[in-house]
Amino acid sequence: MTPLGADFYERPVAEVARALIGCVVAHEGAAGVIVETEAYHDSEPACHAYVGLTQRTAPLFGPPGRAYVYRSYGIHALLNAVCEPPGVGAAVLIRALAPLQGLELMRARRGLEREEELCSGPGKLTQALGVELHHNGSDLARGPVRVYPRAGAGRSPSILTSTRIGITKAVELPWRFSVAGDPHVSRPRPPASVGRR
DNA sequence: CATGGGATTGACT
DNA sequence: GTCAATCCCATGC
């Protein structure tokens, strides 16, 4: 299986966020299917890159297909995929996974048993996969954190479009994408009626 | 150099 | 439902 290349990420960030649903993230003996994402772009104030090029935001303005990992609330590492051409600050936040492989490793890292709780949130999935701050800027095609295309010939999942959560600015943008009815999506879960496609 | 604010989670009332 | 934990870094004095 060949990981997704830079060309996959070098297009409008909301488009990539939707396309990443169903793709697979793998690291260090564990992997999961992406069931929830959010898009961020330097043109809107909820995005870290809104402040322009700084030490913190440099990876966002770099080449697409790299990881942007940062610490949230002093506790959690959050994983993003950098998108759009160099010079544009944009990324997709990976918000939730359906555990696929390495479940026992995930349980050990999380200190939990229930499969639904292993990766159902952006801070949870990084802990379950063992993704840390030092992965910031790493290449998502070359690893150690890798992203693979949607598996097999199966139909694409039914995807809900809703507003992003946990932010205070630009809350109206419909840039949260999730698999309809999937139990691994983080809370609050979008209502089943919102933006179904 | 000091300060303030999070793209969250889990424990507790 | 409420709330604290805890650290990076952007900003302002």
Side-chain angles (χ1 to χ4, degrees), chain A residues 9 12-18 20-21 23 25 32 34-62 64 66-84 88-99 106-138 140 145 147 160-179 183-190 194-195:
Chain A
Y9 301 95
V13 66
E15 189 180 319
V16 180
R18 172 179 285 275
L20 277 173
I21 298 291
C23 296
V25 182
I34 298 173
V35 296
E36 181 183 355
T37 61
E38 284 180 1
Y40 288 87
H41 189 274
D42 61 24
S43 61
E44 46 90 12
C47 182
H48 291 172
Y50 185 67
V51 299
L53 182 61
T54 65
Q55 181 182 331
R56 182 196 202 195
T57 64
L60 288 170
F61 288 95
R66 306 290 185 88
Y68 169 56
V69 184
Y70 72 97
R71 188 169 297 294
S72 175
Y73 292 92
I75 303 172
H76 310 286
L78 269 56
L79 172 65
N80 297 253
V82 175
C83 296
E84 308 215 10
V88 180
V92 173
L93 171 66
I94 312 297
R95 286 196 58 90
L97 307 176
M106 288 184 179
R107 289 190 170 98
R109 286 168 173 155
R110 292 275 293 128
L112 291 172
E113 289 301 314
R114 290 191 69 238
E115 188 248 17
E116 293 82 359
E117 295 177 0
L118 293 176
C119 299
S120 57
K124 298 178 184 180
L125 71 91
T126 54
Q127 184 182 25
L129 291 180
V131 171
E132 305 281 356
L133 288 193
H134 68 265
H135 293 114
N136 191 28
S138 67
L140 292 173
V145 183
V147 180
L160 298 185
T161 303
S162 54
T163 54
R164 299 176 295 181
I165 60 178
I167 56 173
T168 58
K169 302 168 225 168
V171 295
E172 73 287 351
L173 289 175
W175 280 3
R176 182 189 187 196
F177 304 93
S178 57
V179 177
H184 308 96
V185 168
S186 72
R187 290 160 60 153
R189 292 171 59 176
V194 174

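Letters A, B, ... are given to chains in the order of the sequence lines, protein chains preceding strands, and every chain is numbered from 1.
The shortest side-chain heavy-atom distance between A/P99 and A/H184 falls under the 4.5 Å cut-off. Between A/I75 and A/Q127 there is no side-chain heavy-atom pair separated by less than 4.5 Å. For the pair A/L129/A/L97, a side-chain contact is recorded, criterion being any heavy-atom separation below 4.5 Å from C-beta on.
Relative to the side chain of A/K124, the nucleotides C/dT11, B/dA7, B/dT9 differ in distance, and B/dT9 lies closest. Proximity note for A/Y40 (side chain, C-beta onward) versus B/dG10, B/dA7, C/dC8: the nearest is B/dA7. Set against B/dA7, B/dT9, C/dC8, the side chain of A/L93 has B/dA7 as its closest nucleotide.
The residue among A/S120 and A/R71 whose nearest nucleotide of DNA chain B lies closer to the 5′ end is A/R71. Residue-to-nucleotide proximity on DNA chain C shows that, of A/Y73 and A/T57, the 5′-proximal contact is made by A/Y73.
Residue A/K169 places none of its side-chain N or O atoms closer than 4.0 Å to OP1 or OP2 of B/dA7. Between A/T54 and C/dA10, a side-chain N or O to OP1/OP2 separation shorter than 4.0 Å is present.
Stacking between A/Y70 and the base of B/dA7 is absent under the criterion of ring centres within 5.5 Å and planes under 30 degrees.
Counting to the nearest Å, the P atom of B/dG4 and the CZ atom of A/R56 are 18 Å from each other. Rounded to whole angstrom, the span from the NE2 atom of A/H48 across to the C1' atom of B/dG6 amounts to 7 Å. Here the C1' atom of nucleotide B/dG10 and the CG atom of A/L118 are 15 Å apart, to the nearest Å. Computed from coordinates, the A/R176 CZ to B/dT8 P distance equals 10 Å when rounded to whole Å. One interatomic measurement links the two molecules: CG of A/L53 to C1' of C/dA10, which rounds to 13 Å at whole-angstrom precision. Between A/I94 atom CD1 and B/dT8 atom C1' the separation is 16 Å, expressed in whole Å. Summarising the geometry, the separation between CZ on A/F177 and P on B/dA7 is reported as 19 Å, rounded to the nearest angstrom. The distance from atom CG of A/N80 to atom P of B/dT8 is 11 Å, rounded to the nearest whole Å.
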I'd like to know whether A/I94 forms a side-chain contact (heavy atoms from CB on, under 4.5 Å) with A/I34, so could you lay out the CA-CA distance, the side-chain angles of the two residues, the decisive distance to 0.1 Å, and finally the verdict. CA-CA 7 Å; A/I94 312 297; A/I34 298 173; 3.9 Å; yes
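Nucleic acid contact for A/L78: sugar-phosphate only, since backbone atoms but no base atoms lie under 4.0 Å from a heavy atom of the residue. Across all strands, A/R95 comes closer than 4.0 Å only to sugar-phosphate atoms, never to a base (heavy-atom distances). If you check every strand for non-hydrogen atoms under 4.0 Å, A/I75 touches a base. The residue A/R110 sits close only to the backbone: its heavy atoms come under 4.0 Å of sugar-phosphate atoms, none of a base.
With salt bridges taken as basic N to acidic carboxylate O contacts below 4.0 Å, none links A/E117 and A/K124.
Here the shortest heavy-atom pairing between A/L160 and A/P190 reads CD1-CG, 4.0 Å.
B/dT9: Watson-Crick or G-U partner is C/dA4, with both key distances under 3.5 Å.
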